[in-house]
Amino acid sequence: MTGEAPDETVRAVEATLFAAEEPMSVEALAGLLGGLESALVRQALDELQGHYSRRGTRLVERSKRWHFETAPDLAHLLRREREQVRRLSRAATEVLAIIAYHEPVSRAEIESIRGVQTAKGTLDVLMEAGWIKLAGRREVPGRPVIYATTPEFLDHFGLSSRRDLPGIDELRAAGLLDPVDEAFEAFQGEDDEGDEASEADGDEEKDDFSAEEPA
Amino acid sequence: MTGEAPDETVRAVEATLFAAEEPMSVEALAGLLGGLESALVRQALDELQGHYSRRGTRLVERSKRWHFETAPDLAHLLRREREQVRRLSRAATEVLAIIAYHEPVSRAEIESIRGVQTAKGTLDVLMEAGWIKLAGRREVPGRPVIYATTPEFLDHFGLSSRRDLPGIDELRAAGLLDPVDEAFEAFQGEDDEGDEASEADGDEEKDDFSAEEPA
Amino acid sequence: MNEDGLLFDAPVAHGTGDEWGGLASAPAQGESALYLELDGWEGPLNLLLDLARRQKVDLRQISILALVDQYLGYIQRAEALRLELAADYLVMAAWLAYLKSALLLPKEEQEDPSPEELALRLQLRLQRLGAMREAAARLMARDRLGRDIFLRGAPEGLRIDRKTHWTCDSFALIQAYGQVKARTAPRIYHVMDRPVMTLDSALDRVSAMLGVTLDWMDLRDFLPPHAEPRLRKSALASSFVAALELARLGKAEIAQEEIFGSMRIRRIVQ
């Protein structure tokens, strides 16, 4: 099972490359191993490369320097992506809606429309989702950054263009402009304050929408 | 020459431990490898340990966590380039040994063995090295802080667990890990059997520590 | 108390600790060597232990008396050299001197605890310290990580990238916009037109009616007879204020028999 024991030079090269902080040349290895002949080192490297060719790590040479690295087919083990599906928070949804209806808009404009401050994290989340993008700067004092929606936004919401978004009259007809009750407003205030923290720490969002039945 | 190809689990464990920056437990490995059964991981570790037993690097278990390291017999080849290991004062080495063989111990207990006060700096040095840690308080008057060794201590000295401490069994068998008072009582007991006086006067000193058995 | 052992002005730097040379393993080289090794000695027990080691005998068989002699002799020499001795050494020296005298005295005159007992305790302590020093030496001599044994020099590292997949549906989007609009839309307030009796008209009315008679009149008699309830309420309030005003001007007087009782008004004839 353990195979034949490798000879001392092979073991020494193996250990040296394992412990090395950067790739090493044949000469450097030979020097380190007490002035070994380069040919012997090369032979050891060949043997090691063969040995490791089917294992979880392999010995590779890049621009004449040797190092161990994880086998490419196992690279997915080292960089794992854990995907989690999360519903957009209420604050983020509002910001997204405002951007969609008013684009391009600056953060100050978003805030003046929403009537509450918008945490930086909220815009970050929307950028991360790929739904908004920076769309240059507004040529006014301070040159604020302005935001606009992306094609991914239209895709995700099944819109062929922004004109598909219902207008104000349609919203009113659907009862969506009816004043919200005070209890909800209070809740809303809390939500905005806690916004940054909850988005940053990545906790599951409370699904704000489920609290409200569509009229 | 390349031997038979290891199976996929073995390769995955091999690659993961090669790439890991810290030793990993069986559970952590299993989790990382997509919820693999622990038994399979253990089996893979066994196989790898066997495979590497004669190579330049080897797979070792220290306090239930596994990592690769260079073979000890190659130390002479590898040592020269780095001398980054901490130089400990004699005081610090003694204190470290006392903590390792008696843990958990309070400072007063360490001092009663060494017969000299222990500078605060000595414990600090050991803590900074990551070899000892605070391990709570002894539930006796004054509630003194007690110290114990860390997994890094075992790693550094190549010990699988505290049971591997050199000579610990002999020391325990010889009663040399028992407090002086206990040893003294034992002697007294031998001298004159059933001498109640010596038990009664009890001669309680503060270094009467309840020699915890190492786990 | 200084642990690092600068108890004497030793000429040698205190740097040999790691090598575990020190006194214990150094061959005895006579008097002159003694002082060079001072830096390895950290405290009373260590000093005793080192002295005991020099006799190259098992601690269990060592003569405590001989050991005590050496210690005291050593302290004396150090004093003769005017080296500064730390308190611990002197305490131990005093204690050992006492132990020595006790060991030399005839048995019958012993006090409790007996000197044998004290000597045994000392021996036990030395054994334990000796065991720990040996254990420390063995520990330090092991193949050590970072010196003899190495971890992978450049591990790739394991990383879990958390990727969040955000979702939202278009209803939620539109609803959110509607609510923003609803919340921030300018509000228009409509105030209903209510029938009221102004203070002026109440004043006119009350003065006119008071002019008709000199008798007391109930305030309620001044109210328009068939007014709807809301106008009546307004009229009552206005008429009351009008009555107060007339009283202030000295044109009328007001009487009320009891709290919440009916209020009567009468003209004052000037």
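Per chain, numbering begins at 1; letters A, B, ... match sequence-line order.
To the nearest 0.5 Å, atoms CG (A:L48) and CZ (B:R55) are separated by 6.0 Å. Rounded to the nearest 0.5 angstrom, A:Y52 OH and B:F18 CZ are separated by 4.5 Å.
In this structure, chain A has a heavy atom under 4.5 Å from the side chain of B:V10, while its backbone stays farther away. Proximity to chain A (any heavy atom under 4.5 Å) is restricted, for B:E69, to the backbone atoms N, CA, C and O.
In this structure, B:H51 and A:H51 have parallel ring planes: the angle between them is below the 30° cut-off, well short of the 60° mark.
Heavy atoms from other residues, nucleotides or ligands lying under 6.0 Å from CD of B:E37 number 12 at most. The number of heavy-atom neighbours closer than 6.0 Å to CD of B:E22, taken from other residues, nucleotides and ligands shown, is 12 or below.
Nearest heavy-atom pair, A:T70 versus B:A15, reported as atom, atom and distance to 0.1 Å: CG2-CB, 3.3 Å.
Contact of the A:E8 side chain with the B:L74 side chain is registered, since non-hydrogen atoms from C-beta on lie closer than 4.5 Å. Side-chain atoms of A:T16 and B:L78, non-hydrogen and from C-beta on, do get closer than 4.5 Å to each other. Here the side chains of A:D73 and B:R11 are in contact, with some heavy-atom distance below 4.5 Å.
The backbone N or O of B:P6 sits nowhere less than 3.5 Å from a side-chain atom of A:R54 that would complete a donor-acceptor pair.
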